[in-house]
Colleague: 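Encoded as structure tokens, here's the structure I'll be asking about.
Whatever order the structure lists ligands and atoms in, that order sets their numbers, starting from 1.
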Amino acid sequence: MTEIYFIPKNYKATISEGRVSWESPSNIALVKYWGKKKDQIPENPSLSFTLNNCKTITTLSFSKKETNDAGFNFEVYLDGEVKADFKPKIQTFFERVEAYLPFLRAYTFKIETENTFPHSSGIASSASGMSALALCLMSVEKQLLSAQNLKVDENNALNAAYFNQKASFLARLGSGSACRSIEGDVIVWGATDSIEGSTDLFGIKYPYPVHDDFKQYQDTILLVDKGEKQVSSTIGHNLMHNHPYAKNRFQQAHDNMGQLKTILATGDLDGFIALVESEALTLHAMMMTSMPYFILMKPNTLEIINSIWNFRQKTGLHISFTLDAGANVHVLYPEKERQEILQFIKSELVAYCQNGHYICDQIGFGATQNQ
Ligand code: DP6
């Protein structure tokens, strides 16, 4: 399959107005995406757990333009207020996806969005936000197509898998990790030999058995630093070009995907912990060894990591951590150990969070349509 599969054939902007709404979750990568090529093609495969509670809810209203205005016409609202600073990112997104959604210039859009987590929590809303918007645009496409009564061989859109695949494909063009938020509970993005059907173009559901211990896996997000990131993910990804360790890192991600397959199938919690923590620290090691170099962890990030290691050694419980491109810590653990671990988080780790803030989340099953 190539990008051409997602260029629609035979459709026209026939509907005059409408409204669609989706809620889409965030996701947490276990094998990290870090480094990309042109058109948001990842340098290495990644695998994530879809989250359940950290979500973006987006409503997209559209009405046919009456003028011949050739530009993209849209307004963005966050929590009911106009958000002018969101516009450039969405403008870029529209430019990237226009070839796949030819109706974009024919309508005026109102994008209303809200997050279930605080906006200034340091939790990236790009995965949930871009996936919710991509799904809304897919619903518009679906309405336009169904208004035309196309026959089976006239459009790829009539293929059952098409809606989610294209939603993920579009979300990827908004923000790479967003392509892993359409479905759940375990998603793979990026072509790699050990995962059949994996592709650079969109996220797929992990196609192999997953042990019960990894079902309902818990993710408590410790908000260590709620400020804006000093270095955006996009800049960080680009610093992997000409990075002295890039080649080995990309190979390591492929190897880790293969190993994770066995770990997930057998319920090897210790193997999981070692692989996931190594991935998180490798991600940050790549940041520290790029040029220019940078550090996104804060002193409290390290305090938390050390406390987790001490507690794990003392109790033998299967608590582990992962990090995104920021200072916050995702504490991961199996549901069956929830009580003791949550107790430890509350009594020991929350003290390291900014204003004591943390979010309890767990593995989830992807986006849902509201209307
Ligand atoms: C560290 O998806 O935010 O969270 O494609 O430039 O929008 P862009 O980057 P983004 O990168 C996320 C990187 C990461 C690891 C991951 O989620 O796999």
Side-chain angles (χ1 to χ4, degrees), residues 24-51 54 56 86 88-93 95-97 121-134 168-182 184 186-190 192 198 200-203 206 219 221 228-241 243 246 249-250 252-254 256-257 260 275-288 290 294-297 301 321-330 332 361:
S24 189
S26 188
N27 67 75
I28 181 67
L30 306 175
V31 176
K32 306 290 180 180
Y33 148 57
W34 199 244
K36 62 180 169 183
K37 303 178 214 169
K38 199 171 159 281
D39 298 328
Q40 301 277 104
I41 295 298
E43 288 277 15
N44 65 260
S46 56
L47 180 146
S48 54
F49 283 166
T50 303
L51 295 181
C54 290
T56 298
F86 280 16
K89 194 153 188 200
I90 294 178
Q91 173 77 26
T92 307
F93 175 58
E95 285 163 11
R96 286 188 192 153
V97 298
S121 61
I123 297 190
S125 55
S126 66
S128 53
M130 280 299 173
S131 54
L133 181 57
S168 175
F169 172 87
L170 297 173
R172 186 199 95 227
L173 291 166
S175 177
S177 57
C179 79
R180 299 187 312 238
S181 277
I182 306 293
V186 184
I187 301 292
V188 172
W189 169 43
T192 190
S198 57
D200 289 344
L201 296 182
F202 49 83
Y206 177 72
D219 179 2
I221 308 164
E228 284 280 307
K229 277 191 263 181
Q230 308 108 302
V231 181
S232 76
S233 290
T234 298
I235 292 173
H237 285 292
N238 286 336
L239 291 174
M240 289 303 280
H241 300 306
H243 189 293
R249 160 58 198 154
F250 301 146
Q252 179 196 40
H254 284 277
N256 281 345
M257 294 293 287
L260 200 49
L275 188 146
V276 167
E277 291 188 348
S278 160
E279 272 287 325
L281 294 179
T282 302
L283 169 71
H284 284 256
M286 290 301 112
M287 298 171 188
M288 289 190 243
S290 60
F294 59 102
I295 300 180
L296 295 183
M297 290 186 283
T301 311
F321 71 87
T322 188
L323 308 166
D324 265 347
N328 296 335
V329 181
H330 289 249
L332 303 175
D361 211 333

Colleague: Check if K36 has a non-hydrogen atom at a distance under 4.0 Å from any atom of ligand 1.
Modeller: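 True for this residue.
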Colleague: Say you draw a straight line from OH of Y33 to CD of Q40; how long is it, rounded to the nearest 0.5 Å?
Modeller: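 Result: 5.0 Å between the selected atoms.
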Colleague: Please could you name the atoms of ligand 1 that A29 approaches to less than 4.0 Å, counting only its heavy atoms?
Modeller: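 Under 4.0 Å from A29, ligand 1 has these atoms: 16 (C), 17 (O), 18 (O).
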Colleague: Distance only, no hydrogens: is a donor on one side chain within 3.5 Å (strictly under) of an acceptor on the other, for T50 and N27?
Modeller: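 Side-chain D/A pair, T50 to N27: absent.
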Colleague: In terms of side-chain geometry, is the basic nitrogen of D324 or K32 positioned less than 4.0 Å from the acidic oxygen of its partner?
Modeller: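 Here D324 pairs with K32 in a salt bridge, since their nearest N and O are under 4.0 Å apart.
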Colleague: Assess, by modelled atom type and distance only, whether the side chains of T282 and R249 contain a donor and an acceptor separated by less than 3.5 Å.
Modeller: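 Not at all, the side chains of T282 and R249 share no donor-acceptor pair under 3.5 Å.
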Colleague: Can you name the atoms of ligand 1, numbered from 1 with element, that are less than 4.0 Å from a heavy atom of A325?
Modeller: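 Answer, ordered by atom number: 1 (C).
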Colleague: Is the CD1 atom of I295 crowded by more than 12 outside heavy atoms at less than 6.0 Å?
Modeller: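 It does not: I295 CD1 has 12 such atoms or fewer within range.
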Colleague: Only heavy atoms of S175, strictly under 4.0 Å: list the atoms of ligand 1 that pass.
Modeller: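 Going through ligand 1 atom by atom, the ones under 4.0 Å from S175 are 2 (O), 3 (O), 5 (O), 7 (O), 8 (P), 10 (P).
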Colleague: Looking only at N/O atoms, are K32 and ligand 1 under 3.5 Å apart anywhere?
Modeller: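 The answer is no, given that K32 and ligand 1 share no N or O pair closer than 3.5 Å.
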Colleague: Number the atoms of ligand 1 from 1 as they appear, then name those within less than 4.0 Å of a heavy atom of L283, with their elements.
Modeller: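 Counting from 1, the qualifying ligand atoms are 1 (C).
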Colleague: Under 3.5 Å between some N or O of ligand 1 and some N or O of W34?
Modeller: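 Checking ligand 1 against W34, no N or O pair falls under 3.5 Å apart.
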Colleague: For the pair W189 (side chain) and D200 (backbone), establish whether a donor and an acceptor sit closer than 3.5 Å, ignoring hydrogens and angles.
Modeller: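 Looks like yes, one N/O pair under 3.5 Å.
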Colleague: Under 3.5 Å, N or O to N or O, is S46 touching ligand 1 that way?
Modeller: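 N/O-N/O distance below 3.5 Å does not exist for this pair.
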Colleague: Provide the number and element of each atom of ligand 1 under 4.0 Å from a heavy atom of R180.
Modeller: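 Answer, ordered by atom number: 16 (C), 17 (O), 18 (O).
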Colleague: Taking atom types as modelled and ignoring hydrogens, do the side chains of S290 and H243 form a donor-acceptor contact shorter than 3.5 angstrom?
Modeller: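 Side chains of S290 and H243: no pair found under 3.5 Å.
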Colleague: Just which atoms of ligand 1 are under 4.0 Å from any heavy atom in G176?
Modeller: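 Atoms satisfying the 4.0 Å criterion: 2 (O), 5 (O), 7 (O), 8 (P).
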Colleague: Examine ligand 1 and decide if any of its atoms is less than 4.0 Å from a heavy atom belonging to R172.
Modeller: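 Judged by the 4.0 Å heavy-atom criterion, R172 does not count as contacting ligand 1.
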Colleague: I'd like to know if the side chain of S198 reaches the main chain of T192, judged simply by a donor and an acceptor atom lying under 3.5 Å from each other, with no hydrogens or angles considered.
Modeller: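 It does hold such a pair.
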Colleague: If I apply the N/O under 3.5 Å rule, does N27 come out as touching ligand 1?
Modeller: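 In this structure, N27 places no N or O atom under 3.5 Å from an N or O of ligand 1.
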